[in-house]
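Heads up: the structure comes next, in structure tokens.
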Amino acid sequence: MTMTKAENRVPLRVVNLECTFPTRGGTVQAVSGISFEVRPGEVLALVGESGCGKSTTGKAIMQLPPPTSGSVEFEGTDLTSVTGSSLRDIRRRLQIIFQDPISALNPRRKIKDIIAEGLVIAGVPKEERQKRVEVAMRQVGLDPANGERRPREFSGGQCQRIAIARAIVVNPTMLICDEPVASLDVSIQAQILNLLEETRRTYDLSMLFISHDLAVVNSISDRVAVMYLGRIVEIGDADSVYRHAAHPYTNILLDSAPTVGDVVRPPSGLELKGEVPSPLNPPSGCRFRTRCPRATAICAEQEPVLQEVRTEHQVACHHPVVDPDLPNNERPHV
Amino acid sequence: MSESSPLLDVRGLRCVIPTPRGEVQVLSGVDVSLEKGQTLGLVGESGSGKSMFARSIMGISPPHARLEGEINFAGQDLLTLPKKAARRVWGKRIGMVFQDPMTSLNPVVRIGRQVGEAAEKHLGLSRQQARKRAIDLLELVGIPEPAKRHRSYPHEFSGGMRQRVTIAMALACEPDLLIADEATTALDVTVQRQILDLVKSIQTDRQMAMILVSHDLGVVSDRCDDVAVMYAGRIVEKSPTDRLFSDHRHRYTEALLQAIPRFDTPKHSHLAAIEGKPPNLAALSTGCPFAPRCAHEIDACTEAMPPMRSAEDELHWFACANPSRSKELLS
Ligand SMILES: Nc1ncnc2c1ncn2[C@@H]1O[C@H](COP(=O)(O)OP(=O)(O)OP(=O)(O)O)[C@@H](O)[C@H]1O
Ligand SMILES: Nc1ncnc2c1ncn2[C@@H]1O[C@H](COP(=O)(O)OP(=O)(O)OP(=O)(O)O)[C@@H](O)[C@H]1O
Ligand code: SF4
Ligand SMILES: [Mg+2]
Ligand SMILES: [Mg+2]
């Protein structure tokens, strides 16, 4: 079978991404050599708890700031090596909605100018700009008549709509959403998730969806990557990861997620130990070992690498949780 | 207090706050009762009055707020009790934990001292005894090495550990009622689970009652005996937890439950969002406050406020003129 061009061109490929931050206390290892790709038209979710490096990953992809090492390939171009006008053009096609919508919007500017920013950078003439801003505002459910107002006159949900309008107005091919609904009330949350889903379909976008909310992620994503302390510990098809979580950490996360009587898997019975380790001095071997109920000596000595546990589903663990009832369960060596 | 009367019995609680925009009806007649050892969940949209209700019970409503009705706690009405006696109840028998631990913690005082102070003041312990009690409490809430860590300052702890400290403070006097207002909302799910498990075990040991205020229906469904749903300053439905989720009647409860993504929601499906905004509490119209956003509105909804009525029995109440019968629809 020959590959068509479209299949060949993975929208986003991240290889060995590493981000460190020098601080007074030492070097923060925020992201430590992660690799993944986002496929055409798919939503890949990045999940994990506070401080595991989700936002840092999203920002490093945008080169804001560039990663310490590793490569970010967007539609075939390595972003870490391009500059100037070609970087600007790529930035147009790759958009990010930052965590915390209200503070991410400049409070002094009118929202129509905030939404038009990307068009100005792209050199779109004023009249066309105006038209496209109005279309984008309608698309996200904002009345274009409100374009003269400033962000503080809008609610959290409306600010998130403004951020989405600002991203889609430049016709991107890929969208990174960092916790787009975390700060919103349940009913508004549903509105924004619907809007993102609609936008994704209308514009045929690929998406990197960052969230700590596993139920939200389940409703929107095709694949899931679970991060712990700067590393991806499990990645794969969302249903497979949710139903047959193999990493002890993923199991504990899923056990801990509050549910509304909608349990799709029995609890694993695994419990966390100890306290969260410092990102200044992460544990040797498996970073999860200090909290892991399954840890043994090898976990401290050898860093586990991602290995296939099921089709389209990889885990980095020396002692993964495998479900013996399943036929296509390729049990890796333990 | 007779054997059968509940620990907390709130009747017709109203809270009105005068503002330049007019009088804001923050609570419009709330009835709630809670037995020893039981947990009541309070859910509802932002601004529906959950915190204001919790604060009224704790005696910390805003200075200009006008409260009417009764807040009977262990047989005494806190609204009519002399201030001094009421303060004793608030300090000793009711504890409260807020969303942001730093609202309860003093950044420049060692955490052991802060936990001990509450015990010292209300239980009449000496400094020495209070210190020992603080260390015990810190151990109880799962702070590792409490004998060392009690000398730390709040900034030396993570968010989850700080929240454990405020829980230790709230538990210092062994309260009969703990009010947790979004106490675990900002925490990671694993930390949330640990803290809620901890509170549960303390509840079982001491028969402590709890009001768990949360916008997270999942947390409420996992942790509460009963749930009350608030909308625009009223309780619109209350029932034992399992029934609220399986056999709710009020159309707002129904809409709220349909709006949340669940683990069994099909991928990329359209969620049933609740459109529109909550009503202006300074200009409430007659009738059901949810009517303008409700897909099942009929004339009766706006003619008068639909009264609270019971579903099958006295345990399940709702105030909806055109209720859903989720169970019948399913069968
Ligand atoms: N500019 C910075 N300087 C120093 N440390 C940083 C910086 N940015 C992030 N970090 C650290 O890097 C780690 C990862 O942070 P990041 O914001 O990516 O986490 P996150 O997964 O997005 O968490 P959250 O769910 O809380 O948003 C944390 O330990 C954080 O404190
Ligand atoms: N000091 C005040 N003066 C006037 N109105 C107030 C005051 N404090 C709160 N309110 C109003 O009272 C109503 C109830 O607020 P409350 O904080 O109880 O809501 P909540 O249900 O706890 O919401 P959230 O989920 O956002 O915490 C809101 O409409 C709010 O605007
Ligand atoms: S590698 Fe070891 S420590 Fe890490 S998750 Fe697996 S069992 Fe636990
Ligand atoms: Mg983040
Ligand atoms: Mg509140």
Side-chain angles (χ1 to χ4, degrees), chain A residues 43 47-52 141 155-158 181-198 200-201 211-222 238-239 242-243 249 252-265 271-272 274-276 278 291, chain B residues 43-48 142-145 149 157-161 184-194 196-197 214-223 241-242 244-246 252 255-278 293:
Chain A
V43 181
V47 307
E49 293 184 290
S50 190
C52 68
S155 66
Q158 283 172 315
V181 296
S183 55
L184 304 176
D185 207 62
V186 192
S187 48
I188 319 284
Q189 197 172 7
Q191 293 172 12
I192 297 298
L193 287 171
N194 285 340
L195 174 60
L196 284 171
E197 181 60 31
E198 231 170 78
R200 187 186 69 79
R201 260 190 236 164
S211 175
H212 68 279
D213 187 324
L214 295 164
V216 165
V217 161
N218 175 64
S219 74
I220 200 163
S221 53
D222 304 294
D239 285 333
Y242 274 75
R243 282 170 202 274
Y249 178 62
I252 292 170
L253 265 188
L254 285 166
D255 291 348
S256 308
T259 53
V260 185
D262 48 349
V263 189
V264 293
R265 60 191 278 285
E271 298 278 348
L272 274 185
E275 290 291 322
V276 189
S278 160
R291 314 206 65 198
Chain B
V43 298
E45 197 158 10
S46 182
S48 58
I143 301 290
E145 300 188 273
R149 303 295 283 274
F157 278 12
S158 70
M161 285 166 81
T184 56
T185 303
L187 304 176
D188 283 328
V189 287
T190 56
V191 182
Q192 167 168 280
R193 179 170 71 147
Q194 287 172 335
L196 292 174
D197 284 350
S214 179
H215 70 280
D216 187 333
L217 290 155
V219 168
V220 166
S221 121
D222 287 349
R223 303 284 172 171
T241 305
D242 50 345
L244 190 98
F245 286 92
S246 62
Y252 174 65
L256 193 62
L257 284 168
Q258 284 171 355
I260 47 172
R262 300 159 51 129
F263 282 99
D264 49 10
T265 304
K267 281 204 186 320
H268 305 298
S269 56
H270 185 84
L271 298 167
I274 308 176
E275 302 297 337
K277 274 191 298 200
R293 303 168 77 185

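All figures in this text were calculated on a predicted structure; none of them were measured in a lab. Labels below follow one simple rule: chain letters A, B, ... track the order of the sequence lines, proteins then strands, and each chain is numbered from 1.
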Legend entry - chain A interface, residue from Ile274(B), Asp188(B), Leu256(B) that has the most non-hydrogen pairs under 4.5 Å: Asp188(B)
Legend entry - Gln194(B) vs Glu271(A), side-chain contact (heavy atoms from CB on, under 4.5 Å): CA-CA, chis, key distance, verdict: CA-CA 10 Å; Gln194(B) 287 172 335; Glu271(A) 298 278 348; over 6 Å; no
Legend entry - Any Pro261(B) side-chain heavy atom under 4.5 Å of Leu193(A) side chain: yes
Legend entry - Close side-chain approach of Glu197(A) to Ser269(B), heavy-atom, < 4.5 Å: no
Legend entry - Pro258(A) versus Asp216(B), closest heavy-atom pair with distance: CG-OD2, 3.9 Å
Legend entry - Minimum heavy-atom distance between Asn218(A) and Thr265(B), given as atom pair plus value: ND2-O, 3.7 Å
Inset, instruction - Tell me yes or no: between the side chains of Ser256(A) and Gln192(B), is some donor less than 3.5 Å from an acceptor? - result: no
Inset, instruction - Please round to the nearest 0.5 Å and tell me the distance separating atom CG of Asp239(A) and atom NZ of Lys267(B). - result: 4.5 Å
Legend entry - Toward chain B, the part of Val276(A) with a non-hydrogen atom under 4.5 Å: neither
Legend entry - Glu275(A) CD to Ile143(B) CD1 distance, which is reported to the nearest 0.5 Å: 7.0 Å
Legend entry - Reported CG-to-CG distance for the pair Leu271(B) and Leu195(A), which is rounded to 0.5 angstrom: 12.0 Å
Inset, instruction - Would you please test Asp222(A) and His268(B) for side-chain contact (heavy atoms from CB on, under 4.5 Å) and show each step? - result: CA-CA 9 Å; Asp222(A) 304 294; His268(B) 305 298; 2.8 Å; yes
Legend entry - Results of side-chain hydrogen bond (donor to acceptor under 3.5 Å, both in side chains) for Ser219(A) - residues two or more places apart only: none
Legend entry - Closest-packed option against chain B by number of heavy-atom pairs under 4.5 Å, given Gly157(A), Ala238(A), Ser187(A): Ser187(A)
Inset, instruction - Would you check, one step at a time, whether the test side-chain contact (heavy atoms from CB on, under 4.5 Å) holds for Val260(A) with Phe263(B)? - result: CA-CA 9 Å; Val260(A) 185; Phe263(B) 282 99; over 6 Å; no
Legend entry - Side-chain donor/acceptor of Asp185(A) to backbone N/O of Glu45(B), under 3.5 Å: no
Legend entry - Nearest-0.5 Å distance that lies between atom CG in Leu217(B) and atom OG1 in Thr259(A): 11.5 Å
Inset, instruction - Quick one: closest heavy-atom pair of Asp222(B) and Ala257(A), and the distance? - result: OD2-O, 4.5 Å
Inset, instruction - Among the options Arg223(B), His270(B), Met161(B), Glu275(B), pick out the one with the most heavy-atom pairs lying under 4.5 Å from chain A. - result: His270(B)
Inset, instruction - Kindly write out the residues that satisfy side-chain hydrogen bond (donor to acceptor under 3.5 Å, both in side chains) with Glu49(A), not counting sequence neighbours, or none if the list is empty. - result: Tyr249(A), Thr190(B)
Legend entry - Working for side-chain contact (heavy atoms from CB on, under 4.5 Å), residues Val186(A) and His215(B): CA-CA 7 Å; Val186(A) 192; His215(B) 70 280; 4.3 Å; yes
Inset, instruction - First locate atom CG of Asp213(A), then atom CD1 of Ile260(B), and finally report the distance between them rounded to the nearest 0.5 Å. - result: 10.0 Å
Inset, instruction - Please flag which part of Leu257(B) lies under 4.5 Å from any non-hydrogen atom of chain A: side chain, backbone, both or neither. - result: side chain
Inset, instruction - Please tell me if the side chains of Arg193(B) and Ile252(A) come closer than 4.5 Å, counting only heavy atoms from C-beta onward. - result: yes
Inset, instruction - Can you tell which part of Leu254(A) gets under 4.5 Å to a heavy atom of chain B, answering side chain, backbone, both or neither? - result: side chain
